[in-house]
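The analysis underlying the following values was restricted to heavy atoms, covering all of them including side chains, and did not include hydrogens, waters or symmetry mates. One-based numbering, in listed order, for ligands and for the atoms of each. Starting from 1, each residue takes its place in the sequence as its number.
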Amino acid sequence: MVMTQAATFEQLWSAIADIGRDPTTGGYRRFAWTASDESMREWFSGECAARGLHLTEDRMGNQWAWWGDPDSSATGGVATGSHLDSVPDGGAFDGPLGVVSALLAIDRLRSAGFTPQRPIGVVNFVDEEGARFGVSCAGSRVITGVLSPDRALALRDADGVTMAEAMRAAGQDPERLGPDPEALARVSSFIELHIEQGRGLVDRGSAVAVGNGIWAHGRWRIETPGEANHAGTTRLTDRRDAAIGCAQAVLAARAAAEAYGTLATVGKINIKPGGVNAIASSATAWLDARAADEPALRATLAQIEAEVTRSGAIMAEESWTPLTAFDDALVRRLADLLDGAPVMSTGAGHDAGILANAGVPAAMIFVRNPTGASHTPAEWAAPEDCLAGVEALATVMADLAGAEK
Ligand SMILES: [Zn+2]
């Protein structure tokens, strides 16, 4: 049955507010193929069914819901949406704001009596944050062929569970994983609405901005070897302490980022055996590095690598996404439609960037975030700004789906 009464932002928002929320930290733990992720997917399919949208899954299990049939449209459809998973102790807005806004934009267009000339799609990309298996945007990377199924399925979470096992446990079929040109061909353009992850909009007097690109960024694993021994009996000169090399890696990242005007962060460390009174036998540090300037980023990485290899560590690339420029014409069209909303790029990766690099014309809409807090429960957008985001998305979708480009 198709819903006749449009839902309010508050209705949709409160329905998912408690899913995967840790009551002690207030943060969200919605990791791919876990029970909370499954609940979010069920919520999504329920909302799509309530709107009479046709729900499909691609070869990675990304959920696509269509208003109109993209396969019978010569030009494909116009898609929007985002992701519903989270980082560890993430905020409520990163991801879900784009999905909720997409559903509400459809409600708004229907209430206004709008009939799309081209199908409109809403997507929920799986495993965007890479919180569980370490590779961000796994959902879009697999269907675009950037991440091979073999590599994806062999990735392991902190408990040693492979992605293949996690998918199977969630009732998904890992065998079907692979590039999905058919699913991508349905998308003639993709607009992802997202909470801003910084303070670019605070002083600009605008609730929304148009995103025109994503900085080059990637993740590296730095493994430092050592030798386990007793912390109370082993002389300092006799030690091979992996924690020291790991600490040097953290400092090297900071120094190189300062030298080249880039960003480099070690936010995750695993020290083994992990006893207070044991010298570390190995240490793994994960490095995240980003920059608007790709050569500067490469220089940053070269400096870090030179530094860490001196302590016997090896640095391995886990993911790399080149500088992504969104579709110029699309960005200009959005800026015009949104009354000259500011245009800005971001240091955060998104599925929109992966699609853009695969040749899908893409752009983003950012919603103001007063403190700029991101990937923490403190992340927030004012209710009126969220509504302005819905309005902006409805305006853009109406234009893209209502007229030929
Ligand atoms: Zn996000």
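A cation-pi geometry, defined here as NZ or CZ lying under 6.0 Å from the six-membered ring centre and within 45° of its normal, holds between R298 and W320.
Looking only at N/O/S atoms, D94 comes nearest to the Zn ion (ligand 1) through OD1. For H194, the N, O or S atom closest to the Zn ion (ligand 1) goes by the atom name NE2.
R156 places no side-chain N or O within 3.5 Å of a backbone atom of T162 that could act as its donor or acceptor partner.
With no hydrogens or angles considered, a side-chain donor-acceptor pair links H83 and D94 at under 3.5 Å.
Not a single N, O or S atom of H350, from either the backbone or the side chain, sits less than 2.8 Å from the Zn ion (ligand 1). Within the coordination shell of the Zn ion (ligand 1), defined by N, O or S atoms under 2.8 Å, E129 is absent.
Using bins of under 30°, 30° to 60° and over 60° for the plane-to-plane angle, the ring pair H194/H350 lands in the perpendicular bin.
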